[in-house]
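What you see below is based on every heavy atom in this structure, not just the backbone, and it leaves out hydrogens, waters and symmetry mates. In what follows, residues are counted from 1 in the order of the sequence shown. Worth saying up front: this structure is predicted, and the values here are computed from it rather than measured.
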Amino acid sequence: MQFTPQQLTGGPKYHHKTRIGNWSEDLELEEIKLKDYLKKKETGSLIVTAKQRQLESSLKQDELSSSPDGLLHFGMKVMLVNHQSKGALSVNPYDVVTKSHTAYMVTTSPIGSPCLRNVFLIERADDADGFEDDVVHYGQNVRIKLCPFS
């Protein structure tokens, strides 16, 4: 290994603390970013905090309707479950799809307790569908509504 004349005489050496480039601007930028982060954290406007609040609100517990006569009626709160895939129909009410009308992405989630993202209200789609009672019949068009986000 060869040494430079400065190293042989014990002169100043290169050190890892040597600053190169725009170090002053880099330090200032880091300080500005930190202040911005702390301000957003203090006001609760961080994206992570907003997503957490959305998740908490959509996972609030909800109740399903009971059916004493064993029939499905309009106005009941139900979960739609596929027993083969063991999944319940679920919606993220904060994930709106841009279409000609308001639409939401639908997915399935493991069957769990009823919450606001997987409990739907059954409504009649057409009042002139040929059925007079409030019982849901096979082949009848229905509308499912996510409550309370709809």
Can you tell me how far [atom2] of [Y] sits from [atom1] of [X], rounded to the nearest 0.5 angstrom?
X	Y	atom1	atom2	value
Q54	N92	CD	CG	7.0 Å
S57	Q52	OG	CD	10.0 Å
R53	K51	CZ	NZ	11.5 Å
F120	K77	CZ	NZ	12.5 Å
L121	R143	CG	CZ	11.0 Å
D127	E132	CG	CD	10.0 Å

Does some side-chain heavy atom of [Y] sit less than 4.5 Å from a side-chain heavy atom of [X]?
X	Y	value
L59	R117	yes
Y104	V96	yes
V136	F74	yes
T108	N82	no

Checking the side chain of T43 only, and the main-chain atoms of K39 only, is there a donor and an acceptor separated by less than 3.5 Å?
yes
Please answer whether the main-chain N or O of A88 pairs with a side-chain N or O of S90 as donor and acceptor at a distance below 3.5 Å.
yes
How is the hydrophobic cluster of L71 composed, in terms of its other members, when Ile, Leu, Val, Met, Phe, Trp and Tyr link through side-chain heavy atoms under 4.5 Å apart, directly or indirectly?
V135
Do you know which two heavy atoms are closest between I122 and H73, and how far apart they sit?
CB-O, 4.4 Å
Taking all heavy atoms of S113 and all of N118, pick out the closest pair and write down the distance.
O-ND2, 3.7 Å
Heavy-atom count around [X] [atom1] within 6.0 Å, excluding the residue itself: above 12?
X	atom1	answer
E42	CD	no
Q61	CD	yes
L34	CG	yes

State plainly whether one hydrophobic cluster holds both F131 and L72, where clusters connect Ile, Leu, Val, Met, Phe, Trp and Tyr through side-chain heavy atoms under 4.5 angstrom apart.
no
Would a single hydrophobic cluster contain both V106 and V142, if residues Ile, Leu, Val, Met, Phe, Trp and Tyr are joined by side-chain heavy-atom contacts under 4.5 Å?
yes
R124: which of D133, D129, D134 passes salt bridge (Lys or Arg N to Asp or Glu O under 4.0 Å)
D129
Side chains of S67 and D69: do they bring a donor and an acceptor to under 3.5 Å?
yes
Can I32 and E28 be said to form a side chain to side chain contact (heavy atoms under 4.5 Å, CB included), step by step?
CA-CA 6 Å; I32 290 170; E28 191 70 28; 4.2 Å; yes
Taking it one step at a time, do V97 and M105 satisfy side chain to side chain contact (heavy atoms under 4.5 Å, CB included)?
CA-CA 7 Å; V97 179; M105 298 264 203; 3.7 Å; yes
